[in-house]
Every structure is written in C-alpha cells, then in structure tokens.
Amino acid sequence: MEECDPIARYLSMLRSERGLSVNTLSSYRLDLDKLSSFLRGERSKDAVSLARDDVPGLLAFVYQQRLSPASVARSLAAWRGFYRFLLGEGDIRENPFINLATPKATARLPKSLGLDQVQRLLEAPGEQFRTGRRQLDALRDDAMLEVLYATGLRVTELLTLELHSVNLAVGFVRAFGKGAKQRVVPLGEIAVMKLRVYLEQSRPVLLKSRASNRLFVTRSGRGMTRQGFWKLVSRYARSAGIVRRVSPHTLRHSFATHLLEGGADLRVVQTLLGHTDIATTQVYTRVERDRLKKLHKQHHPRG
C-alpha cells in the first residue's frame, strides 16, 4: 500500500511539514525514481535494505545515464535526505550515504541576454497589438514579460500571482517563493503602466463573466501553465530576432546580471531573487568581479 511505501511517506512529509512546492516535490520524486530503478535491478532490493556497499553501484548506475555532476550532486542530496528520514523513523540503523563525498558541480554563470536583446524581447508583444493580431493576449503577454524582467520572479511565482499580490499604487508585488516564503519586490514604472493597461483593457475581456483570483489569465479564464508560458517566451524571442534558446529563467538571470552590472550589491540581489543562502547568489560573483575590474581600470590612476 502507498502509506507503507517509504518514498511516498517521505514525499508526504516534505509536502505537509516543509511546505515544498509541487515543482520541487517533482524534482525529489525524479531523483528518488532513479533510486527505485536501481533497486529493481538489484535482485528486487527495497529502499530499506540498501547498504553502504550498494552505493558505488548506484552511482555507476546514474553515471551511465550521462548525467552532469550537478544532476548527480542533486540526486545525492535527495537520497541523503530520504535516508535521514528513514533513520529518524526507525526504518534503518545507518544512513548509507553518510560521509559520502559529493561530486563537485562546475559553477557556471547563468546565461543572460544583453540589454539590447531584452529591449527587443520586451517590445515584441507590442508589435502584435499594434498590428491587431490577438490584441488581448498581446496586452497580457506584454505585462507578463515586463513584470518578469522587472522583478526577477521565478516562473511559478509569476504564474501564481493573485490580484491582491500587486499594489500598483506603491509599485510593489508580493511573491511566494520556495517553501512558501514571502518577499516584496519593486515593480518599476514601466511594469506598473503595462499592468494597468492589461487590467483595464485585457483581463476583463479574457475572463468575460468568469471570476478568477489569478492576476494573469488565459481565454479559458484560468491561469497560464508553465509549458504555455515557456512557449510564449520562445515565440517572442524568435520574433525579436534572438536566435539563441530563451526561457523564462533567462529573464530572471538577466534581471540579476543587469542589476549587478549597474552597481547593485550582491546581498540586495539575493533578497530580490528570494535566495535563502547567499551561496546560491554567488554564481553571479563573476559579474561583480568584472564590474569591479572595469571600475578600477576607469578610476585608478595606474589602472
């Protein structure tokens, strides 16, 4: 039965006690599915019977799938947490992953767009409503892209915004991030203006007589899906002449990169991005170093 399945119990605990989002839980499930696949091939072992001696075989199993060091490290973190849970529940006597070295993931700077590319992308929906094609959708898309770049929200945070989350009078948005953590982020004048246009001219017509708490809605009266928004961003990027792959997360990275290039403090960017740990934000320190080198060269007498 599912209640007896240790993986199901662990995921249930993560959902109820730690308040993890659906997407985070899905990531945990994928990592634990890798563990289950390995166990099925090991003489039908179950999770509780995994021993320390089995771990090298498990690692070889995931490396055969050509996963990156970052993916393996993430899976290891999920497995460690799962076996800590089993230890706490009294299902096992020893965590087989304790003191196991984690493969180092190369810290790569997230790819961002240049300022001119962002400008073209943000102007792309405007081209649609200037030409009259799907004007209501274009007004909504115009506001969504602007808010995403203005705030650096995660895509799920953007798509789950509710009407009461936005205060246009003071120009702030209240977002709920990972673990249901709340933060307040400024919008900026252009985002406020585009939101007003969308709320006055597009949203009521898209909803017709239906009611919805979601800020951004589709013609069905529901919120937009992650897949739908991903396709939307890709379509506008192509129409803006951007040949590289662009996702909603690209705009989040661009938000952080452009703030740092403009002189923002790393701690401020950490707060705006909703990172609990400064180490997560430190992937952008290369941007900070490049900016400091440029300032040094410009202003130091022997630069």
Side-chain angles (χ1 to χ4, degrees), residues 23 68 70 105-131 137-159 161 171 173 175 177 183 185-195 197-198 216 224-266 268-275 280-295:
N23 296 323
S68 68
T106 306
R108 292 180 301 174
L109 185 65
K111 292 181 179 178
S112 63
L113 297 174
L115 286 170
D116 61 322
Q117 292 176 311
V118 170
Q119 184 74 24
R120 298 204 309 272
L121 178 60
L122 298 184
E123 289 175 351
E127 294 300 322
Q128 284 205 10
F129 60 72
R130 271 196 288 272
T131 56
D137 298 303
L139 288 171
R140 177 203 59 214
D141 302 345
D142 197 33
M144 291 182 83
L145 291 176
E146 191 69 48
V147 169
L148 187 60
Y149 178 64
T151 60
L153 296 183
R154 299 176 180 93
V155 62
T156 301
E157 293 170 346
L158 177 77
L159 299 179
L161 284 176
V173 61
R183 71 186 187 281
V185 185
L187 280 166
E189 291 182 10
I190 299 175
V192 168
M193 178 193 70
K194 290 186 175 183
L195 274 172
V197 172
Y198 159 69
F216 297 112
M224 189 177 292
T225 64
R226 287 165 58 90
Q227 294 84 355
F229 188 60
W230 188 292
K231 290 177 182 177
L232 180 151
V233 172
S234 297
R235 187 176 73 245
Y236 283 123
R238 287 194 300 272
S239 69
I242 302 170
V243 294
R244 53 160 290 192
R245 181 172 174 266
V246 178
S247 71
H249 221 61
T250 308
L251 276 174
R252 177 171 160 87
H253 293 322
S254 301
F255 162 84
T257 300
H258 297 164
L259 279 176
L260 287 168
E261 287 177 344
D265 181 79
L266 195 65
V268 173
V269 175
Q270 175 195 358
T271 301
L272 293 173
L273 289 174
H275 288 162
T280 312
T281 319
Q282 281 173 340
V283 69
Y284 294 101
T285 51
R286 195 185 309 166
V287 177
E288 181 78 349
R289 287 198 301 269
D290 290 347
R291 183 178 69 85
L292 291 175
K293 282 171 66 178
K294 185 177 179 182
L295 287 172

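Every ring-ring contact (aromatic ring centres under 6.0 Å, His included) that Tyr198 has, sequence neighbours left out, goes to Phe216. Scored by the side-chain hydrogen bond (donor to acceptor under 3.5 Å, both in side chains) test, Ser247 finds Thr250 as partners (sequence neighbours excluded). Residues satisfying the side chain to side chain contact (heavy atoms under 4.5 Å, CB included) criterion with Val192, sequence neighbours excluded, are Leu168, Leu187, Arg196.
Listed here is the closest heavy atom pair of Met224 and Leu232: CE-CD1, 3.8 Å.
Inter-residue side-chain proximity for Gln117 and Val246 is flagged as unmet; no heavy-atom pair is nearer than 4.5 Å. Side chains of Pro125 and Leu145 form a contact here, defined as non-hydrogen atoms less than 4.5 Å apart. Taking the side chain as every heavy atom from C-beta outward, Val155 and Arg252 never approach each other to under 4.5 Å. You'll find the side chain of Leu260 reaches within 4.5 Å of the side chain of Val269, heavy atoms only. The shortest distance between side-chain heavy atoms of Val197 and Lys194 does not fall below 4.5 Å. A 4.5 Å side-chain heavy-atom check between Leu121 and Tyr149 finds every atom pair outside the cut-off. When side chains are defined from C-beta on, Val185 does not count as touching Glu157, because their heavy atoms never get closer than 4.5 Å. Contact of the Leu272 side chain with the Pro186 side chain is registered, since non-hydrogen atoms from C-beta on lie closer than 4.5 Å.
Expressed to the nearest 0.5 Å, how far CG of Leu122 lies from CZ of Arg120 amounts to 11.5 Å. For the atom pair CG of Leu273 and NE2 of His253, the computed distance is 9.5 Å after rounding to the nearest 0.5 Å. Distance check: Leu259 CG to Asp265 CG gives 11.0 Å after rounding to the nearest 0.5 Å. Taken from NE2 in His249 to CZ in Arg154, the straight-line distance is 7.5 Å, to the nearest 0.5 Å. The distance from the CD atom of Glu146 to the OG1 atom of Thr151 is 10.0 Å, given to the nearest 0.5 Å. Atom CG of Leu161 sits about 8.5 Å away from atom CE of Met144, to the nearest 0.5 Å.
When the shell of 6.0 Å around CZ of Arg245 is examined, it contains 12 or fewer heavy atoms from other residues, nucleotides or ligands.
Side-chain contact check for Thr271 and Arg183: no donor-acceptor pair (N or O, by modelled atom type) lies under 3.5 Å.
Here the side chain of Ser239 pairs no donor or acceptor atom with the backbone of Ala124 at under 3.5 angstrom.
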